[in-house]
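One structure below.
Just so it is clear, the structure is predicted and the values come from calculations on it, not from any experiment. In what follows, chains carry the letters A, B, and so on, assigned in the order in which the sequence lines appear, proteins first and then strands, with residues in each chain numbered from 1.
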Amino acid sequence: MTVSVTGLTKRFSDHTALDGVGLDVRPAEFLALLGPSGSGKTTLLRIIGGLDFPDAGTVTFAGENVAGRPARDRRVGFVFQNYALFRHMRVADNIAFGLTVKPRRERPDARTIAARVDELLALVQLPGLGRRYPAQLSGGQRQRVALARALAVDPSVLLLDEPFGALDAKVRNDLRRWLRGVHETMGLTSIFVTHDQDEALDLADRVAVMNAGRIEQVDTPDAVYNRPATAFVADFIGNACRFDARLAGGGVDVAGVRLSNSGPACADGPGVAFVRPHEFAILPAGAPGLAATVRRVAHTGSRAGVECVLADGRIVDVSAPLDVAAGMGDAVTLVPTTVRAYPA
Amino acid sequence: MTGSASTSEPRWLRFVLITIALAFLAVNLALPLAAVFAGALAKGLAVYRSAIVEPDARAAMRLTLTVAAIAVPLNIVFGLTASWAVTKFDFPGKSLLISLIDLPLSVSPVVSGLIYVLLFGLQGWAGPWLRDHDIRIVFAVPGIVLATTFVTFPFVARELIPLMLEQGRSDEEAARSLGASGWQTFVRVTLPNIRWGLLYGVLLCNARAMGEFGAVSVVSGHIRGLTNTLPLHIEILYNEYNYVAAFAVASLLAGLALVTLVAKSLLEWRFGDSIAGGGH
């Protein structure tokens, strides 16, 4: 099902959480809302789910405006950051909740509900745990129960708020793969909020990068990473180093070196340029470029991590081939090989 | 090993502190309580029994139970709605409402009683109208119920608001997104989450409703057998130098208080976590 929002604005007493947000989510797409805290991503998710209501703008599900419709009439599955499992109910009752609150005419009989619960427990790989209480489960298990509970009502959209936020790294990675698998099996339109760019880039079909109540870019992980549309995205995604630059004639001047601009075309003038760690060449001292001193070299991975100090004291991490000919204390010149520049 | 180094005081200091605390409790609580029961039984069980089954005492007991039976449910409803409103919604005037809930605790009970005399008494705003329609509120049971309800209304709400604030709104939001109506959400999610806190608040509310003296004294009129609650009846007996009867009836009230205290302790012991909040 297509989920679209247009012109969404939401103000809280002291700040604007959403400032005219528009977004189209395609059927069966797995979309990540990525941004720093306070960027409005959770507010956007809650408005789509009917837990908050916008001051202006529309929310449509398959072309139908649902902006005024409360959560219970939207058929969304919402998975909360803290899981929000009902602690006084057993796992099976938690999962069955959405079915047991249906109006009597639509409510399945007890046997159908029990069968559905078993089916969902199997789907989330927790067979036989139906009689436990949430307090008796690990974080990862609770997360999966929360997902099963959301899926029990056959939602047309699945919304997940920081689904892996409260889990440790190992569990998080396993769950990520698994959730991606569940998404593909169910064929649902899924939207998840995260502040973790690795998670967004790794998991999502497309990533919507948010900043200060606006969407900066909606694109595939590849495009968001390699072709950031705005300076914010270039800065936020990946570990980029930021330089003041001059934009002129389609090129960019950084530290006295003239390079072609890999960022979007823009007018001449002052700008900011971003260079990723693997986009520097390390040349001997004296060449045109950024004079630097090597502080540390770490050969711990598929590439060498070279920590350099620029003349102005800034530290730049450079990722170089393992056979890099730089040692601690060497004076070198860093020359950017790829630069994305944006108007300042 | 008992106690860590940082909390272990010199032995003598511990001894002094504990002695002071126990002595204070003995003088202010245990001794008076013992005196009540000793005074009640001073002339033997037969006198004790007759003081309790005497018609005026029974009327007072009936009235006290009636008043509590009306005031406590009213305050359960009020306490639940107020805490629900305060903790699950944002609205203008919210902090004013929270302060108002505390009002009966900060106002002298005598003033609480006077409010109703001023409102519904013969000289009050609604007095003439009530008289014309032959409705008695002050110096009658309705006044006692009103005054008691007013004095006891913070107890349930004050117990629930911190608990519900700590539990947050996400359980309710989850229920709503799963299709539950407001009522289903309340009965199946909110109420079970707060049940022990609610019970605790109800116990406190009930104890106060049965024991309230000041406010009730102002609106009651002290009509024997009609508008005397247990605390008022005790005062009358005492003023008539009928000490044994006064203590006998007082022992009933004290007994009620003790039952409440035991129930409260049991609740705290059994469900301490969920009363204190959280319970995750």
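Interface residue A:Ala150: only backbone heavy atoms are found under 4.5 Å from chain B. Neither the backbone nor the side chain of B:Thr185 comes within contact range of chain A; no heavy atoms are under 4.5 Å apart. With a threshold of 4.5 angstrom between heavy atoms, A:Arg149 approaches chain B through its backbone and through its side chain.
A:Thr100 and B:Arg188 form a side-chain donor-acceptor contact under 3.5 Å, judged by distance and modelled atom types alone.
One finds the CG atom of B:Asn193 at 8.5 Å from the CZ atom of A:Phe86 (value rounded to the nearest 0.5 Å). Summarising the geometry, atom CG belonging to A:Asn82 is positioned 4.0 Å from atom OG belonging to B:Ser170; distances are rounded to the nearest 0.5 Å. Remark: B:Arg195 CZ to A:His88 NE2 distance equals 6.5 Å, nearest 0.5 Å.
Open room surrounds CZ on B:Phe24; 12 or fewer heavy atoms of other groups in view lie less than 6.0 Å from it. The 12-atom threshold is exceeded at CZ of A:Arg172, counting heavy atoms of other residues, nucleotides or ligands nearer than 6.0 Å. Heavy atoms of other residues, nucleotides or ligands lying less than 6.0 angstrom from CZ of B:Phe15 number 12 at most. Residue A:Arg107 qualifies as enclosed at atom CZ: its count of foreign heavy atoms under 6.0 Å is above 12.
Taking each heavy atom of B:Leu178 and A:Val101 in turn, the nearest pair found is O-CG2, 3.8 Å.
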(request) Starting from the C-alpha separation in whole Å, work towards a yes-or-no answer on side chain to side chain contact (heavy atoms under 4.5 Å, CB included) for A:Arg87 and B:Asp171. (result) CA-CA 9 Å; A:Arg87 66 200 89 142; B:Asp171 279 18; 3.3 Å; yes
(request) Using the side chain to side chain contact (heavy atoms under 4.5 Å, CB included) rule, take A:Arg72 and B:Ser177 through it: C-alpha gap first, then chi angles, then the decisive distance, then the call. (result) CA-CA 5 Å; A:Arg72 65 178 299 219; B:Ser177 76; over 6 Å; no
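Contact check for B:Glu173 versus A:Phe80: side-chain heavy atoms found under the 4.5 Å cut-off.
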